[in-house]
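Everything numeric in this text was worked out from a predicted model, so none of it was measured.
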Amino acid sequence: MAGGSNVAETLSCARCGKPASLQCPKCVELKLPREGAAFCTQDCFKASWSSHKSVHLKAKLPSPGTDGAGEQNSDLASDGWLYCLRKGQSRTPKLPPFNWTGTLRPYPISVKRIVPAHIDKPDWADDGIPKVEPNSDLQHRVEIKTPDQIERMRETCRIAREVLDAAARMIRPGVTTDEIDRVVHEATIAAGAYPSPLNYHFFPKSCCTSVNEVICHGIPDARKLEDGDIINVDVTVYYKGVHGDLNETYFVGNVDEASRKLVQCTYECLDKAISIVKPGVRFRDVGEVINRHASMSGLSVVKSYCGHGIGELFHCAPNIPHYGRNKAVGVMKAGQTFTIEPMINTGVWRDQMWPDGWTAVTADGKRSAQFEHTLLVTETGVEVLTARLPSSPDVFPWLNK
Amino acid sequence: MADDQEEPPLAIRIDQTVEEPSRSDPGQPQNENFSVGVTVITGYLGAGKSTLVNYILNAQHGKRIAVILNEFGEEIGVERAMINEGESGALVEEWVELANGCVCCTVKHSLVQALEQLVQMKKRLDHILLETTGLANPAPLASVLWLDDQLESSVKLDSIVTVVDAKNLRFQLNRHRDSSSFPEAFLQIAYADVVILNKVDLVSREESEGALEELENEIRSINSLANIVRSVRCEIGLSQILNRQAYDATHASHLEALLEESKSVSSRDLHDSGVRTLCIRQTEGVDLQKVRLWIEEILWDKKYDMDVYRCKGVLSIRNSDHLHTLQAVREIYEIVPARQWRNEEKKMNQIVFIGHNLDENTLIDSFRGCISELNPSGTF
């Protein structure tokens, strides 16, 4: 298979620590990680069996005829909670068939949330179709923002930061991603802003929640967060005619070492990329910096999704790939605003799409993390418009050192 | 499914568990390193584009080829594809709906995503033809299809083929002499990798040989890089338009052609349009970073007011034993190490520009600024 993991696998027997050359066939069938499921001999495997097999129960596949959470989901269906299909244009009561790459499954989503009439809305709010954005010449040239636009973006990005922080405070086992979406939605409205993702090309919710092997664009649903999960929450708000976009990946309870390293490395990739931003730097160099840092940690970079210009449009020029050796056109100039949002994977870089038409998952089912900021190029460097505030929750252990 | 077994199953060897190839990932090539070539077919209405497409589909070549028929208006999108069942000889029209891919913050244009889906759906597909009906300028299409190698896509831009009408070409080229916009013919020829000079039978017998040569010279003066193929009813050898690999930086035959001095000659400015081919040559090795800045000033900043459509060249980079290639379409460019210089080869820089308002002296002088400096002791 093209594009294998960069990590050399030297597995140890889960029971005795000797080098392992065997693994549990049930774990293979359920696509569970090899770590912890590798053994040196059948004897060690047999001896571990009674405690090991509990891993399989946790990842039990749904039996035919029922949904991911059994009766709970059919109850939800009667309350109007259904699975999302066709990018959000339709719904279905049954879990759609798919060759899932990992253990995560979609859950039904709640009914559409209302935005009060007094909130200024982008042109896709009503019918799901952006009209100005696709035809704008800002898809072909990078705008230099006026001082007024910059001031509005500072304000809007500050609101986006505060909304994301509100979501971060919700993160704990047992909370559903739908509840996180509700908090994002209400906090956005309370600030007088519109949650940009809502109905953008029919996206059904007000933010993206991406758990574990989901790379990006996960749709908030009825699934409860579990101890050990990682979750990315991506917030964009529209206020005073401009958008502000940021995302962070959080730990749910106690996560394993590999996940901790993944998330920290991803944070560092964004940090290093931001550190090179200033007038005259080529857009294509952002990918070089990210790729170098990820590769050094044995991780891979998602190639299908990129950073983007932002302002009065949600997505516009420039396109900023996160991988190396790309042909991105142009250099940074003072007054430009854009995002950098690397998605870093434990395993292969390739992505696949779920039947809902939005959720991107890793092709091998291993975990992915992401961080994003909206940036302004200044005369001498960069201003991180969506930067953490003193009030931002203390959820990243490496920041305290 | 019994998950409460008392007895553990037999553990399996780790190297026996081969990771399955991506199941529903349309972007991945079906075989290692194999991508389906995409040929853009352009040309005036009536020049023979449809004739060419039908000829390719019907000729007994054993290849499975998909033709995308689309009205390219303001937006480049794909709706339907027609596939031929080349092997059995019968042409089957199969209308396949291609859903638009994700549009926001994606690296691949929705057209590329649609073509990848097509390749995945059709199991074995040898080539894709994009027949452009309403598109005057193939450049935006080339930009969209010229993907980064890093993406390892299952589709790859193979070449742009322009069909011109031998009987009407001169008229078409002269037509808008006084207007500020170019006739489509200039742009379509300028961006072509292959020009099919069709309907040669219609050029009258008495003037035939001389007239055709003159036309070919006119075409070469606009674009000296393109291969010109004469045809009647577009009946040509398929190898002349399929698998050209025109955007493959390391493709051997293209490199040889670029190195050949006779092929790289600047044209005189034959047309009022000012679209021409220009070649610059220099033996001293150059500094890679300086070359990048130089080409970026020309392509991105439009320094010197030159409008470059296409650029292809060979570079001799100081301190590198590798021959580098330079390739550009509009603002998109790449410089890639291609292969090692051979001992008998004369190392040199040779770059061909195709565009409008090009000035040879300006290019030569500014390129000289890229020469790598040695300090007095002969080292860097």
Side-chain angles (χ1 to χ4, degrees), chain A residues 1-4 9 11 20-26 28 34 38-39 41-42 45-46 48-49 52-53 56-57 60-61 63 87 98-99 101 134-135 200-201 216-217 282 303-308 314-315 319 321 323-327 329-331 339 341 350-353 357-358 360 363-364, chain B residues 1 3-29 31-33 74-75 99-109 113 140 143 146-153 292-293 296 299-301 327-334 336:
Chain A
M1 175 175 161
E9 300 214 60
L11 290 164
S21 58
L22 301 174
Q23 65 177 110
C24 167
K26 192 106 222 132
V28 173
R34 272 186 196 158
F39 302 92
T41 57
Q42 182 69 18
F45 181 41
K46 201 165 171 173
S48 305
W49 179 247
H52 171 76
K53 66 185 182 182
H56 310 150
L57 285 174
K60 177 180 173 173
L61 289 171
S63 32
K87 302 201 75 167
F98 189 66
N99 207 348
T101 63
N135 302 312
Y200 180 70
H201 294 283
C216 62
H217 301 165
R282 296 179 178 99
K303 301 182 186 183
S304 300
Y305 298 93
C306 52
H308 55 93
F314 191 173
H315 299 96
N319 253 21
Y323 54 90
R325 290 195 257 162
N326 65 76
K327 297 197 286 289
V329 171
V331 302
T339 72
E341 45 186 287
R350 285 209 186 264
D351 57 287
Q352 278 183 35
M353 184 152 308
W358 278 106
D364 60 3
Chain B
M1 178 178 80
D3 49 16
D4 286 330
Q5 293 163 267
E6 290 306 322
E7 279 297 309
L10 199 63
I12 52 184
R13 284 197 64 79
I14 285 173
D15 54 33
Q16 268 174 11
T17 59
V18 180
E19 284 182 81
E20 296 167 39
S22 286
R23 281 134 286 176
S24 27
D25 178 4
Q28 186 173 13
N31 307 309
E32 290 270 346
N33 303 321
E74 280 302 312
E75 206 177 302
N100 279 331
C102 183
V103 289
C104 78
C105 58
T106 49
V107 171
K108 293 177 195 165
H109 192 276
Q113 293 180 51
S143 306
W146 189 23
L147 299 170
D148 294 326
D149 288 340
Q150 282 284 310
L151 293 170
E152 295 179 26
S153 176
R292 286 197 197 283
L293 289 170
E296 286 166 6
L299 298 178
W300 297 353
D301 302 333
Q327 171 139 229
V329 177
R330 303 294 301 162
E331 298 97 8
I332 304 179
Y333 85 94
E334 69 172 2
V336 169

Practice item. Would you please name every residue forming a side-chain hydrogen bond (donor to acceptor under 3.5 Å, both in side chains) with Q150(B), sequence neighbours left out? Key: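 side-chain hydrogen bond (donor to acceptor under 3.5 Å, both in side chains) check on Q150(B) returns K303(A).
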Check your understanding: Does D148(B) have any side-chain hydrogen bond (donor to acceptor under 3.5 Å, both in side chains) partners at least two apart in sequence or in another chain, and if so, which?
Key ->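 For D148(B) the side-chain hydrogen bond (donor to acceptor under 3.5 Å, both in side chains) partners, ignoring immediate neighbours, are Y323(A), K327(A).
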Point to revise | Atom pair SG (C306(A)) and NZ (K108(B)), whose distance is rounded to the nearest 0.5 Å | key: 12.0 Å
Check your understanding: At what distance, to the nearest 0.5 angstrom, does CG of N326(A) lie from CD1 of I332(B)?
Key -> 11.0 Å
**Study point:** Per-residue contact mode, N319(A) against chain B (heavy atom under 4.5 angstrom)
**Key:** side chain
**Study point:** Engaged part of A38(A) at the chain B interface, taking heavy atoms whose separation is under 4.5 Å
**Key:**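 Just its side chain gets close to chain B.
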Review point. So, are E334(B) and R325(A) salt-bridged, with charged N and O less than 4.0 Å apart?
Key: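 Salt bridge: no.
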Practice item. Name the option with the most non-hydrogen atom pairs under 4.5 Å to chain B; the candidates are H52(A), H308(A), K46(A), E341(A). Key: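 That would be K46(A).
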Review point. Of all of G324(A), S48(A), G307(A), which one pairs up most often with chain B through heavy atoms under 4.5 Å apart?
Key: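 Maximum pair count with chain B is reached by G324(A).
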**Study point:** Contact class of E296(B) relative to chain A, heavy atoms under 4.5 angstrom
**Key:**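 Just the side chain, heavy atoms under 4.5 Å.
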Exercise for review: Name the region of L299(B), side chain, backbone, both or neither, that has any atom closer than 4.5 Å to a heavy atom of chain A.
Suggested key: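 Looking at L299(B), nothing touches chain A.
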Check your understanding: Is any side-chain heavy atom of L10(B) closer than 4.5 Å to a side-chain heavy atom of Q42(A)?
Key ->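 Heavy-atom side-chain distance check passes, below 4.5 Å.
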Exercise for review: Of all the heavy-atom pairs spanning F45(A) and P9(B), show the shortest one and how long it is.
Suggested key: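 Shortest heavy-atom separation between F45(A) and P9(B) comes out as CE2-O, 3.1 Å.
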